[in-house]
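Here's the structure, in structure tokens; my notes come after.
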Amino acid sequence: MSMSVFCVYLTLVLFIFSGTDGYFEQRVVECLYSSKDLQGIELIDSYVFNQAEYIRFNSTVGKYVGYTEHGVYNAEAWNSDAGILAQELGELERFCKHNADLHYSAILDKTVAPHVRLSSVAPPTGRHPAMLMCSAYDFYPKPIRVTWLRDGGEVKSDVTSTEELANGDWYYQIHSHLEYTPRSGEKISCMVEHISLTEPMVYDWDPSLPEAERNKIAIGASGLVLGAILALAGLIYYKKKSSGVL
Ligand SMILES: *[C@@H]1O[C@H](CO)[C@@H](O)[C@H](O)[C@H]1NC(C)=O
């Protein structure tokens with residue numbers, strides 16, 4: 001599964017307005033976490049003026065890098081001051097590493113298993129007459145693997161997938177499509193692997209009619225039977241009446 005980097009931001013913003021023109025100075029301090037043992041942890045301290053970053057301290061690099069004339073000038077000055085560099089590296093310890101446990105327990109260690117739905121959809125005009133969609137909803141964190149199996153073997157061709165789509169509420173969803181030509185007796189399955197699951201989950205496609213279709217048929221058949229009974233009752237009534245029994 002791909003590495004996920006988590007960022008925590010601290011933003012300081014300064015606005016200066018003169019008439020309708022505005023100046024926008026912003027300083028963004030980020031802690032980037034990529035593993036629980038704090039390997040690769042990084043502090044990024046960016047200075048931004050009117051949306052353009054002009055100088056950045058990257059703790060992995062260990063010094064400032066300037067991106068504009070002003071930024072380069074400041075980088076040279078600040079890099080020659082051991083006190084300033086030591087202070088930035090101190091923030092990595094004091095701020096990023098110190099809060100790591102908190103971020104891991106509050107957010108990063110949390111996992112939520114996906115709800116998976118397998119359905120038949122209309123194939124785009126193409127090579128195959130059938131298409132299945134495997135949808136995984138409301139999982140966290142983002143990395144996930146959705147694959148297709150045909151009689152237990154992985155199918156790689158005619159598979160398309162969306163990205164992991166952010167719901168905007170911390171959860172993600174993803175939709176994978178398989179275009180195929182049905183063969184009798186085969187078993188088609190969707191396999192989902194996610195950190196929330198102790199083992200891969202396999203969902204088999206049931207090619208019999210979906211429940212909604214079965215219900216429609218059951219309702220239609222009941223109506224037909226009821227109609228036949230009423231017609232028969234009417235016929236018997238009519239016969240008896242016309243033969244003078246009633
Ligand atoms: C910080 O510097 C390292 C080493 O050059 C680089 O790999 C990393 O991507 C940089 N981080 C950011 C957020 O730019």
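First listed ligand is number 1; within each ligand, the first listed atom is number 1. All values below were derived from every heavy atom in this structure, side-chain atoms included, with hydrogens, water molecules and symmetry-related copies excluded.
With respect to atom 3 (C) of ligand 1, the closest heavy atom belonging to the protein is N58 ND2, 3.6 Å. Residue, atom and distance of the protein heavy atom nearest to atom 7 (O) of ligand 1 are E42 OE2, 4.9 Å. Nearest to atom 5 (O) of ligand 1 among the protein's heavy atoms is V61 CG2, 3.8 Å.
Atom numbering of ligand 1 starts at 1 in the shown order; those under 4.0 Å from a heavy atom of I44 are 11 (N), 12 (C), 13 (C).
When all heavy atoms of K240 and S243 are compared, the pair lying nearest together is O-OG, 3.1 Å.
Between Y171 and F139, every side-chain heavy-atom pair lies at or beyond the 4.5 Å cut-off.
Atom NE2 of H128 sits in a crowded spot, with more than 12 heavy atoms from other residues, nucleotides or ligands closer than 6.0 Å.
The aromatic ring centroids of Y67 and Y54 lie 6.0 Å or more from each other.
With no hydrogens or angles considered, no side-chain donor-acceptor pair links T162 and H175 at under 3.5 Å.
Residue R56 has at least one nitrogen or oxygen atom sitting less than 3.5 Å from a nitrogen or oxygen atom of ligand 1, judged on distance alone.
Within a 4.0 Å radius of atom 9 (O) of ligand 1, the protein has no heavy atom.
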